[in-house]
Asker: 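Got a structure here, written out as structure tokens. Questions coming.
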Amino acid sequence: MGNKDKRVDDYISKSAEFAIPILNHLRNLVHAACPNAQETIKWGMPFFDYKGPLCNLASFKQHCAFGFWKNALMKDAKEMIDKNEQAMGHLGKIMSLNDLPPDKKIIGWIKEAVKLNDDDVKLPDRKKISEKKEIEIPEAFQKALNKNKKASITFNNFSPSHKYEYLEWITGAKTEQTIDKRIAKTIEQLTEEKSLNWKYVKK
């Protein structure tokens, strides 16, 4: 049997009231689909491991998120990535149990993720995902990310195009003062899981 981690209990109990039933429900589905899943805390939020990272939960002020470590290799990856445009996880912004897909579908995804780990399927090299010219992360921006776990996780989970937009915007500044302002704005928006041009994204 997989083990539950008291730190996950604490994380859920300290989450917003609306989030508690959502997090508990997803947690139960993970253990139902993968009884040997091991709970832990990584980057300040609950993760489930089974022969490596499997999936994770996250709670924010107004929504929850649920993501798969090897989402890019899953059959419904396109469907999940489309939802991921506006949220850190792969099921969109979850504000109530009604926002979740049917339990059967979620369990199917979890079992698919389990099989990927059973078969030791590796994720592709992230550097090969984007065809755009790679922009080096400015040292000041990296330091700011290191100080803000939520912003760092959001940035790391963004699509290459969204990362590129932020990096291009920051490095395109003409003065250090402007760079600092843009880094501060970027951290603020990443903490809220927003892409650079989130205001112009059609809902």
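Just the heavy atoms: all of them, side chains too, but no hydrogens, waters or symmetry mates, feed the values below.
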Asker: One pair to check against side-chain contact (heavy atoms from CB on, under 4.5 Å): I110 and F68. What are the steps and the verdict?
Answerer: CA-CA 8 Å; I110 297 168; F68 293 94; 3.9 Å; yes
Asker: Checking side-chain polar atoms at under 3.5 Å, does N117 have a donor or acceptor matched by the opposite partner on K70?
Answerer: yes
Asker: Is there a side-chain contact between E165 and W169 in this structure, where contact means two heavy atoms from C-beta onward sitting under 4.5 Å apart?
Answerer: no
Asker: Got a second to check how far K163's NZ is from N157's CG, nearest 0.5 Å?
Answerer: 8.0 Å
Asker: Walk me through it: do Q189 and T154 pass the test side-chain contact (heavy atoms from CB on, under 4.5 Å)?
Answerer: CA-CA 10 Å; Q189 291 199 173; T154 300; over 6 Å; no
Asker: For Y166 and F158, take the angle between the two ring planes, folded into 0 to 90°, and tell me which bin it lands in: parallel under 30, tilted 30 to 60, perpendicular over 60.
Answerer: parallel
Asker: Given 3.5 Å as the limit, does a donor-acceptor pair link the side chain of Y11 with the main chain of S59, or not?
Answerer: yes
Asker: Within a strict 4.5 Å, meaning less than it, do heavy atoms of the R182 and F141 side chains meet?
Answerer: no
Asker: Could R27 and D5 be called an ion pair, given the rule that one side-chain N must be under 4.0 Å from one carboxylate O?
Answerer: no
Asker: Is P138 close to I179 at the side-chain level, that is, under 4.5 Å between some pair of heavy atoms?
Answerer: no
Asker: Is there a side-chain contact between W43 and S152, using heavy atoms and a 4.5 Å cut-off?
Answerer: no
Asker: For salt bridge (Lys or Arg N to Asp or Glu O under 4.0 Å), just list the numbers for K122 and D120, CA-CA rounded to whole Å, side-chain angles, deciding distance to a tenth of an Å, and then say yes or no.
Answerer: CA-CA 6 Å; K122 305 295 185 184; D120 196 27; 3.0 Å; yes
Asker: Contact between N156 and L145 at the side-chain level, heavy atoms closer than 4.5 Å - yes or no?
Answerer: no
Asker: Provide the closest heavy-atom pair for P21 versus L97 in the form atom of the first, atom of the second, distance.
Answerer: O-CD2, 3.8 Å
Asker: Would D103 and H25 satisfy side-chain contact (heavy atoms from CB on, under 4.5 Å), going step by step from the backbone distance to the final call?
Answerer: CA-CA 9 Å; D103 289 356; H25 185 69; 2.8 Å; yes
Asker: Would you compute the distance between atom CG of L26 and atom SG of C55 and round it to the nearest 0.5 angstrom?
Answerer: 9.0 Å
Asker: How long is the gap from SG on C34 to CG on L29, to the nearest 0.5 Å?
Answerer: 12.5 Å
Asker: Step through the shown structure and confirm whether more than 12 heavy atoms of other residues, nucleotides or ligands are within 6.0 Å of NZ on K42.
Answerer: yes
Asker: Do K14 and D10 pass the salt bridge (Lys or Arg N to Asp or Glu O under 4.0 Å) test, and can you show the C-alpha distance, the side-chain angles, and the key distance before you say yes or no?
Answerer: CA-CA 6 Å; K14 293 176 182 177; D10 294 339; 5.5 Å; no
Asker: Just how far is it from atom CD1 of I183 to atom CD of E176, taken to the nearest 0.5 Å?
Answerer: 10.0 Å
Asker: About how many Å separate CG of N56 and OG1 of T40, when rounded to the nearest 0.5 Å?
Answerer: 11.5 Å
Asker: Under a 3.5 Å distance rule, please check whether D99 uses its side chain to pair with a backbone N or O of S96 as donor and acceptor.
Answerer: yes
Asker: Looking at every heavy atom in both I106 and P101, which two are closest together, and how far apart are they?
Answerer: CD1-O, 3.6 Å
Asker: Output yes when a side-chain donor or acceptor of D119 lies under 3.5 Å from a complementary backbone atom of V121, and no otherwise.
Answerer: no
Asker: Any heavy-atom pair between the side chains of F66 and I22 that's under 4.5 Å?
Answerer: no
Asker: About how many Å separate CG of L91 and CG of L100, when rounded to the nearest 0.5 Å?
Answerer: 6.5 Å
Asker: Counting only heavy atoms not in Q62, do more than 12 sit closer than 6.0 Å to its CD atom?
Answerer: no
Asker: Relative to each other, are the rings of F60 and H63 parallel, tilted or perpendicular (30° and 60° limits)?
Answerer: parallel
Asker: Would you mind reporting whether F155 and L167 have side-chain heavy atoms less than 4.5 Å apart?
Answerer: yes
Asker: Indicate the atoms forming the closest heavy-atom contact of M45 with A58, along with that distance.
Answerer: SD-CB, 3.6 Å
Asker: Is any side-chain heavy atom of F48 closer than 4.5 Å to one of E39?
Answerer: yes
Asker: Write down the atom of I20, the atom of I12, and the distance for their closest heavy-atom approach.
Answerer: CG1-O, 3.3 Å
Asker: Evaluate the criterion side-chain hydrogen bond (donor to acceptor under 3.5 Å, both in side chains) for residue pair N148 and T191; output intermediate values, then yes/no.
Answerer: CA-CA 8 Å; N148 189 309; T191 302; 3.3 Å; yes
Asker: Ignoring hydrogens, what is the shortest heavy-atom contact between L57 and L23? Give both atom names and the distance.
Answerer: CD1-O, 3.9 Å
Asker: Looking only at heavy atoms, which two atoms of A37 and V30 are closest? And how far apart?
Answerer: CB-CG1, 4.1 Å
